[in-house]
Amino acid sequence: MSNEGPFSDEGLPRALWWDDAAGALRLIDQTLLPDRCEVIACATEHAVAEAIRALRVRGAPAIGVAAAYGLALAARALIAEARGIDGTAALERLRDDATSLRATRPTAVNLAWALERMLAVADHYLAEGGSVRELPDALLAEAGAIAAEDAAACAAMGRLGAELIADGDTLLTHCNAGALATAGMGTALAPIYTAHRAGKRLHVYVDETRPVLQGARLTAWELARAGVPITLITDNMAAHFMKRGGVRAVFVGADRIAANGDTANKIGTYGLALLAHAHAVPFYVVAPRSTVDLARPDGDAIPIEERAPDEVTTIRGVRVAPEGVRVANPAFDVTPARYISAILTESGIARPPYAESLRTVAEMRTPSRAVEVAL
Ligand code: MRU
């Protein structure tokens with residue numbers, strides 16, 4: 001990634017990028033959108049961890065990329081402050097830093113996946129006799145590779161998913177699985193952008209997505225900027241519009257997909273899948289292979305992040321509930337695989353039953369071999 005600014009050549013927002021001159025990870029502070037599009041610089045792993053925790057950067061692929069850069073920054077700080085540290089000690093310190101970064105958000109597997117990949121690179125680099133002083137550069141290069149692969153995966157998912165969208169379709173999406181959630185053009189929004197650019201006429205219902213309003217604040221902002229016709233609705237309006245026959249398909253992203261296809265995504269996704277099922281509306285999950293966690297047999301094994309009560313009791317700083325009320329705030333829910341019509345990855349489209357089709361797609365290495373797997 002270069003250091004050119006918060007919008008890509010195609011005009012989409014860039015959630016994050018490495019600024020070599022500043023030696024820092026730059027990211028759009030998403031807590032300020034849509035009022036202000038401000039870029040902040042994270043020059044330490046602590047700043048990256050804070051940004052992830054506070055949702056300045058959010059969305060499963062984007063937090064994976066951010067954490068990867070966070071670990072590279074940790075290596076930089078380590079080498080600067082402990083000159084002469086040996087490889088074993090450096091690796092041990094990096095493992096601790098990775099543990100801290102991993103703890104920032106537990107549900108999106110991309111975070112843990114990216115950190116594991118970074119640690120494996122550090123391990124391999126040192127085992128091959130690489131110099132400890134140059135370890136930060138090796139890790140920066142790997143973080144850059146993770147970001148570049150994510151951008152390529154988004155584009156591939158966009159091409160595959162656009163095939164499922166016809167001219168004149170009205171679609172519905174939940175939360176934000178767009179450019180702001182990735183290092184590229186998004187996951188669930190990638191097919192929408194691709195179909196729109198191909199000249200298909202579309203209309204997208206955007207769920208506002210309480211409690212943190214990723215739909216209203218982020219998805220509505222980025223789709224409208226791109227010229228995609230949208231209608232913002234509150235989450236409880238989806239059934240109404242589906243019943244009236246106004247929704248042709250639902251596209252959502254994912255934070256973690258278990259081996260059987262059960263999918264964790266933003267709270268409210270499960271309810272939406274049930275509504276789609278009741279109205280015979282196709283329900284598509286779009287996510288890169290890095291979101292598939294074959295080590296978890298089903299959705300019951302997926303950890304669900306519980307966030308602070310004030311996200312529920314307040315809206316943008318204004319209290320909307322009595323003081324002291326008891327609150328539940330799970331940030332994600334799990335949609336059972338039986339309500340998912342297909343899972344789109346950069347390597348292909350997995351169809352039910354997912355036990356085999358998802359594994360086949362997830363274990364593919366080359367995006368160019370994209371296939372449709374319906375076993
Ligand atoms: O809490 P968030 O905003 O990080 O939740 C994001 C989502 O649930 C997205 O749908 C998911 O991460 C997929 S993003 C491509």
Side-chain angles (χ1 to χ4, degrees), residues 8 10 12 59-62 64 110 146-179 181-202 204 219 222-223 226 228 247-257 261 263 265 269 273 276 281-294 335 337 339-354 356-375:
S8 70
E10 292 81 36
L12 293 181
N110 308 60
I146 291 173
E149 285 170 29
D150 185 57
C154 290
M157 289 183 280
R159 285 191 294 273
L160 280 173
E163 302 285 313
L164 302 172
I165 298 174
D167 186 34
D169 273 356
T170 288
L171 311 168
L172 189 148
T173 191
H174 187 70
C175 193
N176 174 267
T182 65
M185 69 194 304
T187 59
L189 297 194
I192 293 172
Y193 284 129
T194 307
H196 176 70
R197 286 176 188 170
K200 291 181 189 171
R201 287 159 302 169
L202 308 174
V204 183
T219 301
E222 66 164 275
L223 283 178
V228 178
V247 179
R248 228 281 302 153
V250 176
F251 283 79
V252 294
D255 287 85
R256 194 187 292 243
I257 304 173
T263 294
N265 191 50
T269 303
V281 171
F283 187 88
Y284 299 121
V285 169
V286 189
R289 289 182 316 229
S290 53
T291 304
V292 180
D293 185 357
L294 294 175
T335 300
Y339 298 118
I340 300 171
S341 311
I343 298 174
L344 286 72
T345 75
E346 69 273 42
S347 311
I349 301 179
R351 300 262 183 194
Y354 292 109
E356 279 181 65
S357 63
L358 189 59
R359 181 172 292 275
T360 304
V361 165
E363 287 179 345
M364 256 174 213
R365 281 288 152 254
T366 47
S368 56
R369 286 175 57 216
V371 291
E372 177 139 350
V373 184
L375 296 169

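Here the NZ atom belonging to K200 is positioned 9.5 Å from the OG1 atom belonging to T194, to the nearest 0.5 angstrom. Annotation: the span from L189 atom CG to C175 atom SG amounts to 10.0 Å, rounded to 0.5 Å. The distance from the OG1 atom of T173 to the CG atom of L223 is 7.5 Å, given to the nearest 0.5 Å. With rounding to the nearest 0.5 angstrom, the OG1 atom of T219 is 9.0 Å from the CD1 atom of I192. If you take CG on L172 and CZ on F283, they are separated by 9.5 Å, rounding to the nearest 0.5 Å. Rounded to the nearest 0.5 Å, atoms CD (E222) and CG (N176) are 5.0 Å apart.
Shortest non-hydrogen contact noted between L164 and D169 is O-OD2, 4.2 Å. The minimum heavy-atom distance between A153 and P288, with the atom names listed, is CB-CB, 4.3 Å. Taking every heavy atom of both residues into account, A337 and G261 meet most closely at CB-C, 3.6 Å. When all heavy atoms are compared, the tightest approach of T335 to A273 is CG2-CB, 3.4 Å. Considering all non-hydrogen atoms of both residues, A226 and L12 come closest at CB-CD2, 4.2 Å. Across every non-hydrogen atom of A162 and A195, the tightest pair is CB-N, 3.9 Å.
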Check: residues 181-188 side-chain donor-acceptor pairs under 3.5 Å, at least two apart:
residue	atom	partner	partner atom	Å
T182	OG1	G184	N	3.0
T182	OG1	G184	O	3.1
T182	OG1	G186	N	3.1
T187	OG1	V286	O	3.4

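Partners of F251 by ring-ring contact (aromatic ring centres under 6.0 Å, His included), not counting sequence neighbours, listed by chain and number: Y284. A search for salt bridge (charged side-chain N to carboxylate O under 4.0 Å, His left out) contacts involving E163 returns nothing, not counting sequence neighbours. By the salt bridge (charged side-chain N to carboxylate O under 4.0 Å, His left out) test, R201 pairs with D167, sequence neighbours left out. Residues meeting the salt bridge (charged side-chain N to carboxylate O under 4.0 Å, His left out) test with R159, sequence neighbours left out: none. In terms of the salt bridge (charged side-chain N to carboxylate O under 4.0 Å, His left out) criterion, residue partners of D293 (sequence neighbours excluded) are, by chain and number, R256, R296.
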Could you walk me through whether I340 and Y354 pass the side-chain contact (heavy atoms from CB on, under 4.5 Å) check? CA-CA 10 Å; I340 300 171; Y354 292 109; 3.4 Å; yes
Candidate pair V285 and N265, rule side-chain contact (heavy atoms from CB on, under 4.5 Å), full reasoning: CA-CA 9 Å; V285 169; N265 191 50; over 6 Å; no
The test is side-chain contact (heavy atoms from CB on, under 4.5 Å); show your working for T345 and M364 and say whether it passes. CA-CA 10 Å; T345 75; M364 256 174 213; over 6 Å; no
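Remark: side-chain polar atoms of E346 are paired, donor with acceptor, to backbone N or O of R289 under 3.5 angstrom. Under the 3.5 Å distance criterion, the side-chain polar atoms of Y193 are left unmatched by any main-chain donor or acceptor of A179. Although no hydrogens or angles enter the test, the distance criterion places a donor-acceptor pair under 3.5 Å between the side chain of S357 and the main chain of R351.
Annotation: side chain of V361 is not in contact with side chain of I343 (no heavy-atom distance under 4.5 Å).
Only one option out of V281, L171, T269 pairs with V250 in a side chain to side chain contact (heavy atoms under 4.5 Å, CB included); it is V281.
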